[in-house]
Amino acid sequence: MLRILTGCALLLSPAAALGENSLPQPVPYADTIPAPKDAPYPGVIRLAIDASDTAQGIFKAHETIPVATAGPMVLLFPKWLPGNHSPTGQIDKLAGIRISAGGKPIAWTRDPVDVYALHIDVPQGAASIDIDMQFLSATEANQGRIVMTEDMLRLQWNSMSVYPAGYFIRQIPVEATVTYPKGWTAASALKAEKNGATYRYAQTNYETLVDSPVLAGLYYKQWQLAPRVFLDTVATSPKELAATEAQIAPHKALAEQAVKLFGAQHYDNYHFLLAISDQLGGIGLEHHRSSEDGVDLGYFSDWANSAPARDLLPHEYTHSWNGKFRRGADLWTPDYRTPMRDSLLWVYEGQTQFWGYVLSARSGLLTKQETLDALAMIAASLDNAPARQWRPLADTTNDPTISQRRPRGWVSWQRSEDYYNEGLLIWMEVDSVLRQQTNGKKSIDDFARSFFGINDGDWGTVTYTVDDVVQTLNRLTPYDWAGLLTRRLTETGEHAPLNGFTANGYALTYSETPSDYFKATEKERKRTDLSLSIGLVMGKDGDIVGVTWGSAAFGAGVDSADTLTAVDDLAYTPERLKDAITAAKDGKDPIRLTLKKGDRFRVVTVDYHKGLRYPRLEKIGTGENGLDRLLAAK
């Protein structure tokens with residue numbers, strides 16, 4: 001009989017406590033995993049991947065790791081992933097692990113504390129170990145992001161390889177080969193030799209390998225945007241690759257404007273790895289010499305309506321300078337097991353969000369008006385976010401680890417990764433203060449050149465602290481920068497900090513008519529956004545996908561799990577709901593909504609009489625102001 005042990009009995013050995021024939025107990029191996037050291041790994045890892053099974057979405061990997069001595073060894077699967085800012089390595093999709101030496105199997109044990117670590121004993125006389133495994137890509141959305149379809153794939157090296165513990169990843173040499181489906185083209189920042197369907201990539205280190213993903217597909221086209229910058233595009237059909245010169249021109253201008261802004265380039269070559277697909281999972285992920293970019297169908301073929309997708313490339317490109325070259329000191333780690341700390345994401349992502357929209361305007365990827373309308377949506381969303389009343393911005397930098405972008409029922413009351421957009425507001429205010437303090441002689445452009453425009457041609461990493469940010473700003477003009485940044489990061493309150501817009505000549509206002517950019521965003525997201533009026537965001541077929549905490553709809557008891565079936569006495573359509581909101585303006589009668597949850601129906605009354613509200617940025621005064629200058633091409 002298995003006895004339940006309590007108190008000091010837990011100190012007994014498994015054999016003594018449960019008997020000689022009892023099951024073995026887990027051993028806490030994690031303390032035996034060697035810490036990384038900055039020394040060369042003895043030998044070159046060889047990684048061979050078969051990525052040809054597009055029907056089942058299976059990547060097959062064979063890895064050979066040289067070993068210098070026999071005995072205990074720990075193999076690590078990447079856990080803390082750069083750009084994800086959290087422990088999101090997809091170890092759940094790794095399968096079929098077999099380890100051997102000289103053709104003889106080696107037993108492995110997963111660490112019960114750190115499940116990303118595998119413990120083995122290298123046998124005497126072994127010069128290397130061989131590892132076979134598969135990465136099982138999601139084949140439907142409920143399994144995660146889809147990375148392989150019948151006509152394209154994304155290959156992230158970290159998802160189909162392991163590395164030896166005890167070394168800085170930059171000190172581990174790797175040679176990789178990949179076999180793709182016949183007739184496909186593969187693009188990456190890594191140099192490669194092609195032999196039929198197999199690409200042999202130049203030797204590099206494991207850090208650079210992981211930072212150099214691959215986009216491959218049947219329908220491929222490349223545009224050279226600048227001497228060192230390329231747009232590598234894979235699409236579901238040739239039609240989606242039929243870009244005009246007028247559409248490519250602003251992409252070329254993006255490369256030009258970015259270099260003018262930052263004053264240096266931190267790559268030998270840079271590749272936008274753009275997938276245009278309604279099947280491959282969407283993505284925007286930065287790398288030092290490339291970015292993984294995913295947009296829906298119509299990026300080129302429906303250019304007039306694709307504006308909301310066109311700030312993606314400027315954002316990810318900015319990360320080559322901000323986040324990859326210059327990186328928060330507590331975010332840099334020597335390997336993918338050491339936890340990353342995200343306290344400086346308001347710089348890493350917040351300023352990148354800022355420059356993403358600025359460069360969209362300067363390059364012409366977005367018109368000035370489209371950019372103003374996008375910024376108005378950001379400002380209004382934060383200014384009407386009730387969660388700002390209790391949760392400071394600094395705490396949202398923990399969100400990548402807390403929630404890992406899992407769906408939330410009450411995001412307006414919980415907050416999300418607001419360091420992106422509220423970080424943008426901080427940097428807009430920094431720009432306005434620089435202009436005011438220097439009578440227009442300095443702006444945030446000067447900060448960008450001073451902070452990011454160093455060491456031209458170097459694509460290593462230069463870390464920074466908050467003090468480094470403050471010191472750079474003080475060199476531009478003396479001011480209580482530390483006080484300003486501290487207030488913005490730690491304050492709570494009803495309204496968002498919109499000082500940067502007003503000081504730069506624009507005020508947030510509301511209209512009963514949505515901007516063209518707002519309507520295009522609704523179309524792209526397949527949403528009807530009434531969050532700023534009644535407090536609802538509607539999906540397809542009446543599904544309610546968002547309820548603003550404290551709004552009129554919230555007060556009536558509406559939940560995001562409800563389906564709206566009728567407005568007053570008529571079946572729900574987005575137009576009827578909008579008409580009802582307009583009809584109730586300045587009236588006394590509430591809006592009646594019929595809701596369905598499961599098999600139950602109920603009727604609620606929403607007491608709302610302020611009409612439709614859509615955000616705009618309206619110019620204050622006349623003549624050119626700070627925001628006008630900020631958005632103008634250089």
Side-chain angles (χ1 to χ4, degrees), residues 138-146 149 236 240 275-284 294-299 301-302 304-309 312 373-374 377 380-381 405-412 416 513-549 551-554 556-583 591-604 606 608 612-615:
T139 54
E140 52 187 6
N142 63 7
Q143 298 172 357
R145 190 169 58 85
I146 295 172
T149 71
T236 56
E240 295 294 332
I276 304 175
S277 173
D278 59 351
Q279 299 175 15
L280 203 68
I283 193 172
V295 295
D296 207 344
L297 302 180
Y299 184 80
S301 63
D302 190 17
N305 292 307
S306 69
L312 174 63
D373 291 339
M377 291 176 64
S381 174
R405 297 189 176 176
R406 290 183 290 266
R408 293 182 173 189
W410 299 101
V411 67
S412 63
S416 185
T513 305
S515 66
D516 289 340
Y517 186 89
F518 192 101
K519 289 186 286 188
T521 302
E522 286 186 310
K523 182 178 179 180
E524 181 197 44
R525 297 175 181 173
K526 299 177 177 61
R527 299 283 190 264
T528 299
D529 188 348
L530 301 168
S531 59
L532 299 175
S533 53
I534 196 173
L536 291 179
V537 179
M538 306 298 302
K540 64 179 183 178
D541 301 325
D543 289 341
I544 297 174
V545 296
V547 181
T548 301
W549 190 276
S551 66
F554 176 86
V558 183
D559 181 63
S560 59
D562 289 327
T563 297
L564 177 55
T565 62
V567 180
D568 293 327
D569 297 318
L570 298 173
Y572 163 78
T573 67
E575 292 72 23
R576 283 174 178 162
L577 180 56
K578 292 177 186 178
D579 288 345
I581 293 171
T582 300
I591 303 167
R592 286 186 298 110
L593 304 179
T594 302
L595 305 172
K596 180 179 183 292
K597 182 185 289 186
D599 293 331
R600 295 181 180 273
F601 289 82
R602 72 185 191 280
V603 176
V604 300
V606 182
Y608 177 77
L612 295 168
R613 296 173 78 237
Y614 297 101

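Annotation: side-chain contact (heavy atoms from CB on, under 4.5 Å) contacts of E575 (sequence neighbours excluded): T573. Legend: residues meeting side-chain contact (heavy atoms from CB on, under 4.5 Å) with S277, ordered by chain and number and at least two apart, are M152, T236, Q279, L280. In terms of the salt bridge (charged side-chain N to carboxylate O under 4.0 Å, His left out) criterion, residue partners of D569 (sequence neighbours excluded) are, by chain and number, R592. In this structure, the salt bridge (charged side-chain N to carboxylate O under 4.0 Å, His left out) partners of R408, at least two apart in sequence or on a different chain, are D399. L532 is linked by a side-chain contact (heavy atoms from CB on, under 4.5 Å) to A380, N384, Y510, R613, P615, counting only residues two or more places apart in sequence or in another chain. Here T149 pairs with D151 under the side chain to side chain donor-acceptor pair (under 3.5 Å) rule; sequence neighbours left out. For the ring pair (Phe, Tyr, Trp, His ring centres under 6.0 Å) test, residues two or more places apart in sequence or in another chain that qualify with Y614 are F518. For D302, the salt bridge (charged side-chain N to carboxylate O under 4.0 Å, His left out) test picks out no residue, with sequence neighbours left out. In this structure, the side-chain contact (heavy atoms from CB on, under 4.5 Å) partners of S412, at least two apart in sequence or on a different chain, are P386, T548, W549.
Here Y608 contributes atom OH and I591 contributes atom CD1; the two are 8.5 Å apart, rounded to the nearest 0.5 Å. Note: I146 CD1 to I283 CD1 = 13.0 Å, rounded to the nearest 0.5 Å.
Listed here is the closest heavy atom pair of A309 and V295: CB-CG1, 4.0 Å. The shortest heavy-atom contact between S533 and L612 is CB-CA, 4.2 Å. Contact record, G298 with E240: N-OE1, 2.9 Å, taken as the closest heavy-atom pair.
Taking a cutoff of 4.0 Å between a charged side-chain nitrogen and a carboxylate oxygen, K519 and D516 qualify as a salt bridge.
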Return all side-chain donor-acceptor pairs below 3.5 angstrom for residues 560-567, not counting sequence neighbours, or 'none' if the list is empty.
residue	atom	partner	partner atom	Å
D562	OD1	R602	NH1	3.1
D562	OD2	D559	N	2.8
D562	OD2	R602	NH2	2.8
T563	OG1	D543	OD1	3.2
T565	OG1	T594	O	3.1

Just distance, no hydrogens or angles: give the donor-acceptor pairs under 3.5 Å from side chains in residues 521-529, sequence neighbours left out.
residue	atom	partner	partner atom	Å
T521	OG1	Y517	O	2.9
E522	OE2	D529	N	2.7
R527	NH1	R525	O	3.3
D529	OD1	S531	N	2.9
D529	OD1	S531	OG	2.6

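Heavy-atom neighbours of D599 CG from other residues, nucleotides or ligands within 6.0 Å: at or below the threshold of 12.
The closest side-chain heavy-atom distance from L577 to L593 is below 4.5 Å.
Within the 3.5 Å criterion, the main-chain N or O of Y299 finds a donor-acceptor partner in the side chain of S306.
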Check: Hey, mind stepping through V547 and L536 against side chain to side chain contact (heavy atoms under 4.5 Å, CB included) and telling me if it holds?
Finding: CA-CA 5 Å; V547 181; L536 291 179; 3.9 Å; yes

